[in-house]
Amino acid sequence: MTSQSETDRPILSLQGIKKHFGGVKALDGVDLDLYPGEVVALIGENGAGKSTAVKIMTGIYRPDAGRIFVAGEEVEVHDTRDAWRHGITAVHQETVMFEDLSVAENIFMGHLERRAGGFLDWKGMRRRAAEILRELESDIDADAAMNTLSVAQKHMVEIARALSHDSRVMILDEPTAALSQAEIHELYGIIRRWQAQGKAILYISHKFDEIFAIADRWTCFRDGAWVGQGRIADVTEDDLVRLMVGRSVAQLFPKPEVTIGEAVLEISGLGNAREFDGISFTLHKGEVLGFYGLVGAGRTEVMEAIFGLKPIDRGEMRMNGKPMPHGSPREVIDQGIVYVPEDRQHAGVILPMSIRDNLTLPLTRALAKNGVFLNDRAEQAVGNRFRERLSIKCASLDQKVSELSGGNQQKVVIGKWLATHPGVIILDEPTKGIDVGSKSAVHAFIAELVRDGLSVIMVSSELPELMGMSDRIIVMHQGHTVRELARADFDAETIVAAATGLGRLQEKRHA
Ligand SMILES: Nc1ncnc2c1ncn2[C@@H]1O[C@H](COP(=O)(O)OP(=O)(O)OP(=O)(O)O)[C@@H](O)[C@H]1O
Ligand SMILES: [Mg+2]
């Protein structure tokens, strides 16, 4: 089967694991073997059961059936502490952080180090936290409060937390969703070190470049069932897609020809004290304007400022030809502009509410202002349309969003804002965590709305997506727009060079 020698046995092994939630079979008898010194990529569509398997290995959920073995011995994992005791640690897809506590406290939460006499060893803990962060080559301050960190930094702390345990099995459930390219490479380095130390690593990602860069073997789930495993060296990307989806998927980004209309949103000379300056661009009716840049280039900050979440010190904004004052998000929404943030857990959807309410509430409110109300049938119709077009996998529209898989939650976030029929939608990393099949569904739906006159600003770090979907791309570097390209001139090398600050030099050379 594999190259393991006879004496090698899995550190962690799942056999015939089943788990259901109400009528939903999340896992229907899956197997998984993790060997020392190996990276296994767990792949599967949104809702395939990957995170559920992780939660069973870490004692967050109990399986309905099946057995778990650690180093050949059958065990029961009742809770996170139990998992730690067995040497199993995970960085979960949805991180739970204590926002008011410090970075060091978050890293050691649940296993605070005690000195003789039972006193908490704060000093030792802070020192150890700083050490781990240094090991990650991160400049995050161990004393900083969690709520002062960016999404990417919070993710780093999560990884530091995993490192604070002495584990034999490290599980990473979409660890790179919020990381920059440099940080991803840093993470690869850490994973290689773990490998060298003989740890087993389970790596979950929808990004094929990562899977091929880091994994030795793959295991695939489809609809809660185990569909196969093998060596990465023996498969192509197309093979993996077929295994996940059950059919071939053309990974195309359908950009329909749309007649670009008049200027809708005009931004000129926008700047604030620290984050960006001299930002000017015009978004037209029916246009998709892409924003590319490395993490920290200021793209998100500009979008947050336009949406009223950040201060603006200079510059002007016009909407439909009229000056638009810098207002609160509420006022910006009233102008017909919505912003779908990167951080869905905090600003995207209301998790304890149903899918239906998340999709139709913003719309209901908008209509009610004009004295129009939706009846249940109309609401159901709206909900069903979005469910189908965005391929949201759920038992029913009445299901709580909190019960959906990560990727399906992200689809609800997008759907919720699209349902308000905005004039302008700003999407920040819209397909983060969305599987390859659903991605083209999401893109097709956006393209359809663009044909009906929607204008889109798309911030994305995925170049194929950006180049496929955009009419123009603006590249940002260190808080400035450094390059603008029309669709006919799109070229990956030029775009990446501009994003790293090399664009100007290159232009000179070509001139
Ligand atoms: N607490 C829960 N209550 C009800 N259903 C749940 C719950 N947790 C997960 N599910 C369901 O179990 C199935 C598997 O979800 P899971 O989160 O494991 O998927 P995943 O493979 O991690 O997907 P993604 O790639 O989107 O993260 C989904 O249909 C999901 O809706
Ligand atoms: Mg998941």
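We count residues from 1, following the sequence as given. Ligands are counted one by one from 1 in listed order, and the atoms in each one are counted from 1 as well.
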* the Mg ion (ligand 2) to nearest N/O/S of S51 less than 2.8 Å -> yes
* Structure fact -> The closest protein heavy-atom partner of atom 11 (C) of ligand 1 is E403 O, 3.8 Å
* Consider only side-chain N and O atoms of S461 and R299, and report whether a donor and an acceptor are under 3.5 Å apart. => yes
* Does L404 come within less than 4.0 Å of ligand 1, judged by its heavy atoms? -> yes
* To do: Walk me through it: do E76 and H78 pass the test side-chain hydrogen bond (donor to acceptor under 3.5 Å, both in side chains)?
  => CA-CA 6 Å; E76 286 193 6; H78 295 271; 3.2 Å; yes
* Asked: Has D166 got more than 12 heavy atoms of other residues, nucleotides or ligands less than 6.0 Å from its CG?
  -> no
* Asked: Out of Q197, K199, R193, R192, which residue meets the side-chain hydrogen bond (donor to acceptor under 3.5 Å, both in side chains) rule with Q195?
  -> R192
* **Atoms in ligand 1 flagged as close to G407, the criterion being non-hydrogen separation under 4.0 Å** => 24 (P), 26 (O), 27 (O)
* Is the closest N or O pair between A48 and ligand 1 shorter than 3.5 Å? -> yes
* To do: State, to 0.1 Å, how close A162 and V91 come at their nearest heavy-atom pair, and which atoms those are.
  => CB-CG2, 3.7 Å
* Asked: Testing E174, Q409, K50, K55 for side-chain hydrogen bond (donor to acceptor under 3.5 Å, both in side chains) with Q93, which one passes?
  -> E174
* Considering only NZ, NE, NH1 and NH2 on the basic side and carboxylate oxygens on the acidic side, decide whether R385 and E448 come within less than 4.0 Å. => yes
* Nearest protein heavy-atom contact for atom 2 (C) of ligand 1: which residue, which atom, what distance? -> F21 CD2, 3.5 Å
* Asked: Between S438 and K411, does any side-chain donor sit less than 3.5 Å from a side-chain acceptor?
  -> yes
* Asked: Can a non-hydrogen atom of G49 be found less than 4.0 Å from any atom of ligand 1?
  -> yes
* Hey, is there an N, O or S on Q93 sitting under 2.8 Å from the Mg ion (ligand 2)? -> yes
* Which residue from I434, T52, I392 reaches closest to atom 18 (O) of ligand 1 through any of its heavy atoms? -> T52
* **Protein heavy atom at shortest distance from atom 1 (N) of ligand 1** => Y61 OH, 3.3 Å
* To do: Report yes if some heavy atom in the side chain of K416 is under 4.5 Å from a heavy atom in the side chain of T360; otherwise report no.
  => no
* Side chain to side chain, F21 and K19, heavy atoms closer than 4.5 Å -> yes
* Structure fact -> If we number the atoms of ligand 1 from 1 as shown, the ones under 4.0 Å from a heavy atom of N46 are 23 (O), 24 (P), 25 (O), 26 (O)
* Mind checking whether E45 has a heavy atom under 4.0 Å from ligand 1? -> yes
* Asked: N/O of G433 under 3.5 Å from N/O of ligand 1, yes or no?
  -> no
* What's the shortest distance from atom 12 (O) of ligand 1 to any protein heavy atom, and which residue and atom give it? -> A26 CB, 3.3 Å
* Asked: Does K55 have a heavy atom less than 4.0 Å from any atom of ligand 1?
  -> no
* Asked: Between G47 and ligand 1, does any nitrogen or oxygen pair lie at a separation below 3.5 Å?
  -> yes
